[in-house]
Number of protein chains: 4
Amino acid sequence: MKQQLTIDPLDAHSLTQLAMDKANDIGVPMCIAVVDASCNLLSFVRMDGGKHHSANVAMDKAYTAASAKRRTVEIGPLAQPNGPLFGIFTQQGGRFCIVGGGVPLWQDGQCVGGIGISSGTVDQDIAVAEYAVEQWTQMQHTSQCA
Amino acid sequence: MKQQLTIDPLDAHSLTQLAMDKANDIGVPMCIAVVDASCNLLSFVRMDGGKHHSANVAMDKAYTAASAKRRTVEIGPLAQPNGPLFGIFTQQGGRFCIVGGGVPLWQDGQCVGGIGISSGTVDQDIAVAEYAVEQWTQMQHTSQCA
Amino acid sequence: MKQQLTIDPLDAHSLTQLAMDKANDIGVPMCIAVVDASCNLLSFVRMDGGKHHSANVAMDKAYTAASAKRRTVEIGPLAQPNGPLFGIFTQQGGRFCIVGGGVPLWQDGQCVGGIGISSGTVDQDIAVAEYAVEQWTQMQHTSQCA
Amino acid sequence: MKQQLTIDPLDAHSLTQLAMDKANDIGVPMCIAVVDASCNLLSFVRMDGGKHHSANVAMDKAYTAASAKRRTVEIGPLAQPNGPLFGIFTQQGGRFCIVGGGVPLWQDGQCVGGIGISSGTVDQDIAVAEYAVEQWTQMQHTSQCA
């Protein structure tokens, strides 16, 4: 038996709020997915105007980031033609997503979940995901130090 | 944040051994799958003579038991025509399995994983799964009391 | 290491010819699939006029019969509402087929493959499958005694 | 009829043990899958810390290596844009895996199974797979000569 540290619904709520703040800030409605340490979906929100197919893309970005324990934008280059991971994108019935916008969540050196953003340009998706994770990580740090 | 209690590879190994003991005892080669608290596969064994399709059936029984947190044989009656869960069996691409032989694992009131057995009759599958879980649960109890 | 007895392409050819003979005899063009002991497809023929969807149905009947090591028509009753295998038909992405017309092939007490027939009524499918297996089994017996 | 030589559960156990030894040696927890000559799953182990998505990747690498009868790392280059196998990676619902870490098993000139490793870098996955196959092949040779 072992204990697995993972984000919980409150964390998912915070992360989603932060992502929505940033999405509103840049004026792009987003699809926002959060998975826990087991890579299972904790929450999903499609903001008004978020693209339909982006629902699954956001979920797959979050899944991939939490499972691979790295940003999806870092996996992309390895999965280009002639790269060592070329072809990996068909795995899990095509759910393995190598497009930027998926970011893993860390605490105490453990991967505790992931967030996936989709509906904007890839740069916009990444900006929203990174903002949410950065702010959430800071909140974690602050609450631990208090 | 929260801590999720889950079985680990050693538990999966013990459960598999116990299931193989019982399968050998009744003379029926089995497919044996174990998933952790997150419903992700920890281990799988197809004993010599285990049926090919039973590999997936065993994995899906384990997955369903851990996710639904109940024996698959208890879900079956609810999924009959006119029952409240009729049709549930097509979920997850058909992986949601309502046939007996999937049993969840509990500790301290939490579901910490699941085991799925397939290749015999449903009654044989159930007998092997229940034996493994019963013995493993007793081992857990003993080691905690020691 | 072990040796697995299995039908080979010549057997598949014989079985297909026998099935086509019977199909022509009753005037119903059929889809005819043969799998080996590993449940992998050895041959497939769609006779002129065979239904399009029956291609997959025939392959799935052959697969199921060889893997479950029994006639699909015998599995059907167990998979009815309130039966022990109700719900099994969604397994393998829905490939597990409980409709009559799949028949396993036996030799020396081992399951060595399967045949699946589809495109007629279920009774016609079964008649063609049974004829092919019966004649082929007799041929095997004769050649072994010769 | 013919006899198909294949690895059995004992071989799968040996291969898995050897792979775990090497994985421990390099300090990277791995997912380890072994399929028989028919490409059907014989065994699977996710070591503590092995990535969730790597379970399927390992199974798909083993499947592809045994079915294609070559290392997955050798298939990759042929599947690049403008290569003869470009696009092959979507086959079998995306299970056809062209990423390194899948290695076929040979005996007496026949492909008798395959192993697939996933969770590390591609180079680490390959190193573990090759080690296990090399050691197992030597054991086979030794036991035959004894």
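FYI, side chains are in, hydrogens and waters are out, and symmetry mates aren't considered; it's all heavy atoms of this structure. Numbers restart at 1 for each chain; the letters A, B, ... are given by sequence-line order, proteins then strands.
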Undergrad: Tell me, side chain or backbone of D/Met20 under 4.5 Å from chain B's heavy atoms, or both, or neither?
TA: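 Neither part, no heavy atoms under 4.5 Å.
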
Undergrad: Identify the residues of residues 86-109 of chain B whose heavy atoms come closer than 4.5 Å to a heavy atom of chain D, ordered by number, or report 'none'.
TA: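 Residues of residues 86-109 of chain B touching chain D at under 4.5 Å: none.
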
Undergrad: Taking every heavy-atom pair that is under 4.5 Å apart, which of B/Asp48, B/Asp8, B/Val45 has the most such pairs with chain D?
TA: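 Heavy-atom pair counts peak at B/Asp48.
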
Undergrad: Assess whether atom CD of D/Gln3 is packed by more than 12 heavy atoms of other residues, nucleotides or ligands within 6.0 Å.
TA: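 Result for CD/D/Gln3: enclosed.
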
Undergrad: Using only non-hydrogen atoms and a strict under-4.5 angstrom cutoff, which residues of residues 24-43 of chain B touch chain D?
TA: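 If one takes a 4.5 Å heavy-atom cut-off, the residues of residues 24-43 of chain B near chain D are B/Asp36, B/Ser38, B/Asn40, B/Leu41, B/Leu42, B/Ser43.
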
